[in-house]
Chemist: 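A single structure is presented below for examination.
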Protein chains: 2
Amino acid sequence: MESRIDRIKKQLHSSSYKLTPQREATVRVLLENEEDHLSAEDVYLLVKEKAPEIGLATVYRTLELLTELKIVDKINFGDGVSRYDLRKEGAAHFHHHLVCIECGAVDEILEDLLGDVEAVVEDKYHFEIKDHRLTFHGICHRCQKKANEEAESSKSHV
Amino acid sequence: MESRIDRIKKQLHSSSYKLTPQREATVRVLLENEEDHLSAEDVYLLVKEKAPEIGLATVYRTLELLTELKIVDKINFGDGVSRYDLRKEGAAHFHHHLVCIECGAVDEILEDLLGDVEAVVEDKYHFEIKDHRLTFHGICHRCQKKANEEAESSKSHV
DNA sequence: ATTGGTGCAAACAATTTGCAGTTAG
DNA sequence: CTAACTGCAAATTGTTTGCACCAAT
């Protein structure tokens, strides 16, 4: 069976790019940390553990390349840093994000909730949608639970 | 009748901030360019036309302050620049954006299309939504029209 | 007087680029 | 072999900060 790396290699080759060891190491780090939303610096530090000779500029260049090929998506949650998120295979659309304003955690919503909304945008606004970004800011379920527990315990101590 | 500036002035005062001439000039620029999505630099250049002695740092500080007070929203369309967008008065939620990947234009959708989606997110993912960001990337109606016309005209020339 | 606000220049942080040397296909 | 790629350091860009001075209560 064909691995995810193999498929990415083909994508590179079909645009006459090479899969160098540095690029492979970078992609592996992304695969191993699919749940996270790593910044370029984060990726650099993780790659460095396995391939210490790599330079930060190369990581940036690789991430840019992968973004161009739509293998990763570049996202920005409003702090000054770009983060990079592997596209789920076969996903027609970019997934959605839940950013917790308490603890900073970023959760993902993989199902596409925007079908109806996109139909409205295409019809009513005559906009041909190629991609979307949807992020909710609020309180994640963990912080809600924590807040409830604290309210409980302080009540019992009064 | 109370002007928009007056109301903003009150908001500042109620948090014990002053409406200095520099801040007023900055707010006026935002009001006069409500349709646009100005970067800090853009705002700075426009303010400078009226009040040449203002410094870029002051503009940054003012925009930060206005963001804090939820008078403007800070957005980021993926180029490395933050843009600032006046909140529509009375709008419970941040409006949506349509970014054209052809011409770079940014159009706004003022109606809130996310009601149903937010209900799902709150119920199914137990996430308490405080705000959202929704941006579509694609081809705006103007560029679609242009592309069609060009296709037409080249056809007639064959 | 005291607190908050300003302009300027310097500091910072994230990202990009020039270049001489290296390597995958 | 050769166009693509790399590491490094320097350059660039957007934004923030320190500080001495100014303005409004």
Side-chain angles (χ1 to χ4, degrees), chain A residues 5-6 8-29 37-69 71-84, chain B residues 8-27 29 37-69 71-85:
Chain A
I5 286 267
D6 288 338
I8 289 171
K9 187 172 187 172
K10 277 190 190 162
Q11 280 186 73
L12 287 171
H13 286 167
S14 73
S15 306
S16 53
Y17 294 118
K18 299 170 187 172
L19 183 63
T20 63
Q22 291 90 333
R23 285 179 184 168
E24 186 170 341
T26 304
V27 171
R28 280 189 195 286
V29 162
H37 298 83
L38 303 174
S39 67
E41 187 85 33
D42 294 336
V43 173
Y44 171 63
L45 292 174
L46 288 168
V47 173
K48 219 153 199 238
E49 288 176 12
K50 313 213 168 189
E53 72 290 353
I54 200 170
L56 179 55
T58 300
V59 172
Y60 271 104
R61 285 186 281 231
T62 300
L63 291 171
E64 192 195 3
L65 178 61
L66 294 173
T67 304
E68 216 167 85
L69 296 178
I71 294 167
V72 305
D73 282 300
K74 189 177 178 178
I75 31 171
N76 202 299
F77 293 125
D79 53 351
V81 204
S82 292
R83 296 174 182 282
Y84 298 85
Chain B
I8 289 171
K9 187 172 187 172
K10 278 189 190 161
Q11 281 186 72
L12 286 171
H13 285 166
S14 74
S15 305
S16 52
Y17 293 118
K18 298 171 189 168
L19 183 63
T20 63
Q22 291 90 335
R23 285 179 185 168
E24 185 170 340
T26 304
V27 171
V29 162
H37 299 81
L38 303 174
S39 67
E41 187 85 32
D42 294 337
V43 173
Y44 171 63
L45 292 173
L46 288 167
V47 173
K48 221 158 195 239
E49 288 176 12
K50 314 214 167 187
E53 72 291 352
I54 200 172
L56 179 56
T58 301
V59 172
Y60 270 104
R61 284 187 279 231
T62 301
L63 290 172
E64 192 194 3
L65 178 61
L66 295 173
T67 304
E68 216 168 85
L69 296 178
I71 294 167
V72 305
D73 281 300
K74 189 177 180 180
I75 31 171
N76 202 298
F77 293 126
D79 52 352
V81 206
S82 292
R83 298 176 180 282
Y84 298 85
D85 210 354

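Numbers restart at 1 for each chain; the letters A, B, ... are given by sequence-line order, proteins then strands. Please read all numbers here as calculations on a predicted model, not as lab measurements.
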Chemist: At under 4.0 Å between heavy atoms, how does the protein contact nucleotides 12-25 of chain C? Give one character per nucleotide, 5' to 3', with B, S or -.
Modeler: --SBBBB----BBS
Chemist: What distance separates A:L46 CG from A:R28 CZ, expressed to the nearest 0.5 Å?
Modeler: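 It is 14.5 Å, given to the nearest 0.5 Å.
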Chemist: Take the protein atom CG of A:L12 and the nucleotide atom C1' of D:dA4, then report the distance between them rounded to whole Å.
Modeler: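 After rounding, the reported distance stands at 12 Å.
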Chemist: Residues in salt bridge (Lys or Arg N to Asp or Glu O under 4.0 Å) with B:K50, at least two apart?
Modeler: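 Salt bridge (Lys or Arg N to Asp or Glu O under 4.0 Å) list for B:K50, sorted by chain: B:E32.
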Chemist: Nearest whole angstrom, please: distance from the C1' of D:dG14 to the CG of B:L38.
Modeler: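 Checked: the CG to C1' distance equals 16 Å.
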Chemist: From CD of B:E53 over to C1' of D:dA23, roughly how many Å is that when rounded to an integer?
Modeler: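 So the two atoms are 14 Å apart, to the nearest Å.
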Chemist: From B:R61 CZ over to B:R23 CZ, what is the distance, rounded to the nearest 0.5 angstrom?
Modeler: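 Interatomic distance, B:R61 CZ to B:R23 CZ, rounded to 0.5 Å: 9.5 Å.
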Chemist: Of all the heavy-atom pairs spanning A:K48 and A:I54, show the shortest one and how long it is.
Modeler: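 Shortest heavy-atom contact: CE-O, 3.7 Å.
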Chemist: If I take atom NZ in residue B:K48 and atom C1' in nucleotide C:dG7, what distance separates them, rounded to the nearest angstrom?
Modeler: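 Going from B:K48 (NZ) to C:dG7 (C1'), I get 10 Å.
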Chemist: What is the distance from CG of B:D79 to C1' of D:dG14, rounded to the nearest Å?
Modeler: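 In whole Å, D:dG14 C1' lies 11 Å from B:D79 CG.
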Chemist: Take the protein atom CD1 of B:I54 and the nucleotide atom P of C:dG5, then report the distance between them rounded to whole Å.
Modeler: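 About 14 Å, once rounded to whole Å.
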Chemist: On the nucleotide D:dA23, are OP1 or OP2 found under 4.0 Å from the side-chain N or O atoms that B:Q22 carries?
Modeler: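 No, outside the criterion.
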Chemist: Do any side-chain atoms of residues 72-82 of chain B form donor-acceptor pairs under 3.5 angstrom with protein atoms, and if so which ones, sequence neighbours left out?
Modeler:
residue : atom : partner : partner atom : Å
B:D73   : OD1  : B:R87   : NE           : 3.4
B:D73   : OD1  : B:R87   : NH2          : 3.1
B:D73   : OD1  : B:R133  : NH2          : 3.4
B:D73   : OD2  : B:R87   : NE           : 2.9
B:N76   : OD1  : B:G78   : N            : 3.2
B:D79   : OD2  : B:R83   : NH2          : 3.3

Chemist: Hey, are the side chains of A:V47 and A:T58 touching, using non-hydrogen atoms and a 4.5 Å cut-off?
Modeler: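 Of all side-chain heavy-atom pairs linking A:T58 with A:V47, none is under 4.5 Å.
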